[in-house]
Amino acid sequence: MDLKPVRTRFAPSPTGRMHLGSARSALYPFLLARRTGGTFILRIEDTDVKRTVPGAEQELIEGLRWLGINYDEGPDIGGPCGPYRQTERREIYHTHAWKLVELGRAFPCFCTAERLDKVRQEQMANKQNPRYDGACRALDPEDARRRVAAGEKYVIRFKMPKEGSIQSADLLRGPITTDNAALDDTVLLKSDGLPTYHLAAMVDDHLMGITHVIRGSEWLPSMPLHVHVIRAFGWDEPQFVHLSVFLKPSGKGKMSKREAAEAIKDGHSIFVSDMKDLGYTPEGVLNWIALMGWGVSEGDVLTLDDMIARFDINNLTPSPAAINFAKLDHFNGAHIRALRTDDLAARLKPYFLREHLTVDDPTLTRIIPLIRERLVTLDDCLPFAAWFFRATVQPKPEELVAKGLTAAQSADVARKALEILSALPEINPATAEPPLRALVERLGLGPNQVFGILRAAVTGQTVSPPLFESMEIVGKEKVLERVKKAIEILEKM
RNA sequence: GCCCCCAUCGUCUAGUGGCCCAGGACGGGGCCCUCUCAAGGCCCAAACAGCGGUUCGAGUCCGCUUGGGGGCACCA
């Protein structure tokens, strides 16, 4: 791959929540910039004032930060090509739109939305393609200028050539040729004075020196228009890369609001800001989205640094990808297992605190090695280890009874185990396991039966971290106390 | 309706004309390990959408069909 430093950007519109698709649209240009020693920019495309939702920009910024996708220039940190929020660049677009008018490549249009709607409906009724009918295209330029000066509402439309064709290219798909006749006199500057995407993005990408435009495939059909606009200004177009969409897990149809709700029911989400609460790590999420649309031949558990080292824009795939939450779980678990103890402890603590547990840090640190490889999500620490931070446990009576034994027999086993444990100076795997295994032998029982009783007694549950290691952390005093309590419960059954 | 894009195991993908009776990962099945649950190890099932070309040779190139996706706003 060509490693000349690139300038790339993530240019979201702050119109809703940040989802997986947005995250990936940010990731790839980020990776390309880092791989080549280039620059990655965040630009907010907020030119649709009606659709802008308060807080969306903040969610975007926080999402990127959480994922570790850091940008070099952006609305909150500035940079040499600012401002990075399009509503703050009004004059730039205004000037550029009129420049196109002067060049004869665009024209003011005074048509009302009502008339345009009517025309469109008639066209559709006649099975024609809906398009601008050209009413204002033929207006005398001086006339038009006077009407604008007089304060009449107007938009500026691109004056699409009636004949000929244009060639544009997508890096992954190759060149495509489009007849100009199939293209429309698209609005570039709206009557509120703000630009449409087709003007704003082209102007900004040029002014910000963007070399590679990596964006969603919904832009593929308008790429020819974009190339027209860019060339009308006399600029060179950047490399275009269109990313395919994410499909819902079934592979039938793209992710939708309905599908997003389904995911949440299953304990999953397509929204970046939900991921942390659900116990996902940035590493896991990143790894997951990175590999939907990017083919690596082998070794697919990757950190952000691994991705940067291996990223090659030519290995992106143009076909749509169905999301698969099982794979997210896999990557998340793999990255959790790779975390250092202190790091994992710090990440787990909030989930215990969320349950109003009092966390003792040294204890937490000792628990980590026992649960690390059992965690798929960070909040899995609760079922495995919340009991460590509770003063008492409440085993269900029936869970204290070993398989194949009666309550009375189980109580007897527990009494014998208690006797052994009481005699130990302290309880740990080295001291407790050999005599208890000997007990298993002596009673002619299975280890599951004896250890199962103790597990339920000490942890209050049937699934737990390894028993002897757990008992060591709990401490002899509490272990004895809990086994005694278990015996009482069993005796009453 | 018109325009554009895509097409390898259930899913994500490797494959850039001979190295492919198609490789990896997830998921699934089996076995081993084992105090529960995991993790780990070993093994198994599972795909080139169809039809025509081009070529000595096609998963790989071309065309058509089918299927899927996207777009046709003073939204991005």
Side-chain angles (χ1 to χ4, degrees), chain A residues 11-15 45-48 50-52 109 111-113 116-117 120 124 126-132 153-157 170 172-173 176 178-179 182-184 186-198 200-201 215-224 242 244-245 247 249-254 288 291-301 314-315 317-331 333-334 337 371-376 380 383-384 433 436-437 440 446-452 454-456 459 461-468:
Chain A
S13 59
T15 51
E45 308 220 325
D46 55 351
T47 56
D48 187 344
K50 294 178 294 295
R51 287 208 312 149
T52 295
C109 168
C111 298
T112 62
L116 260 16
D117 274 348
R120 204 177 354 256
M124 303 234 274
N126 296 331
K127 299 212 158 111
Q128 290 172 299
N129 288 340
R131 58 188 4 255
Y132 181 60
K153 278 260 186 198
Y154 72 99
V155 303
I156 289 179
R157 288 178 182 273
D170 174 89
L172 305 177
R173 286 162 255 250
I176 63 161
T178 311
D179 285 337
L183 270 14
D184 205 358
T186 312
V187 172
L188 298 181
L189 194 73
K190 301 181 280 182
S191 60
D192 64 0
L194 284 164
T196 60
Y197 176 90
H198 309 297
R215 59 184 354 184
S217 66
E218 66 270 24
W219 296 114
L220 204 46
S222 48
M223 177 170 61
H242 293 90
S244 60
V245 291
L247 270 24
S250 65
K252 298 279 180 192
K254 65 163 184 174
W288 182 47
L291 263 29
M292 283 190 279
W294 173 26
V296 294
S297 42
E298 56 186 38
D300 41 15
V301 174
N314 297 304
N315 290 140
T317 57
S319 43
I323 64 169
N324 178 189
F325 290 112
K327 205 145 189 171
L328 168 59
D329 286 344
H330 167 255
F331 284 127
R337 271 170 258 137
I371 63 174
R372 174 187 275 122
E373 66 222 21
R374 287 162 231 272
L375 306 179
V376 170
D380 283 344
F384 278 112
E433 189 163 358
L436 285 171
R437 287 210 181 265
V440 170
N448 280 341
Q449 293 173 296
V450 176
F451 299 159
L454 292 176
R455 182 187 314 284
T459 72
Q461 40 197 60
T462 55
V463 173
S464 82
L467 179 61
F468 302 107

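Each chain gets a letter, A, B and so on, in the order its sequence line appears, and its residues count up from 1.
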Residue [X], side-chain atoms from C-beta onward, closest of [options]:
{"X": "A:S319", "options": "B:rA7, B:rU36, B:rG70", "value": "B:rA7"}
{"X": "A:I176", "options": "B:rC5, B:rG1, B:rA38", "value": "B:rC5"}
{"X": "A:K190", "options": "B:rU36, B:rA73, B:rC74", "value": "B:rC74"}
{"X": "A:P466", "options": "B:rC12, B:rA76, B:rU36", "value": "B:rU36"}
{"X": "A:D300", "options": "B:rA25, B:rG1, B:rU36", "value": "B:rA25"}
{"X": "A:N129", "options": "B:rG1, B:rC74, B:rU13", "value": "B:rG1"}
{"X": "A:P447", "options": "B:rC35, B:rA76, B:rC12", "value": "B:rC35"}
{"X": "A:T196", "options": "B:rU11, B:rC35, B:rC74", "value": "B:rC74"}

For B:rC35, take OP1 and OP2 only and decide whether either is under 4.0 Å from a side-chain N or O of A:R437. yes

Which part of the nucleic acid, if any, lies within reach of [X] when heavy atoms closer than 4.0 Å are counted: base, sugar-phosphate only, or nothing?
{"X": "A:S191", "answer": "base"}
{"X": "A:T317", "answer": "sugar-phosphate"}
{"X": "A:R157", "answer": "sugar-phosphate"}

Using the C1' atom in both, what is the distance from B:rG15 to B:rC61, to the nearest Å? 15 Å

Write down the distance separating the C1' atoms in B:rU60 and B:rA7, rounded off to the nearest Å. 14 Å

Contacts of A:R374 that satisfy salt bridge (Lys or Arg N to Asp or Glu O under 4.0 Å) - sequence neighbours left out: none

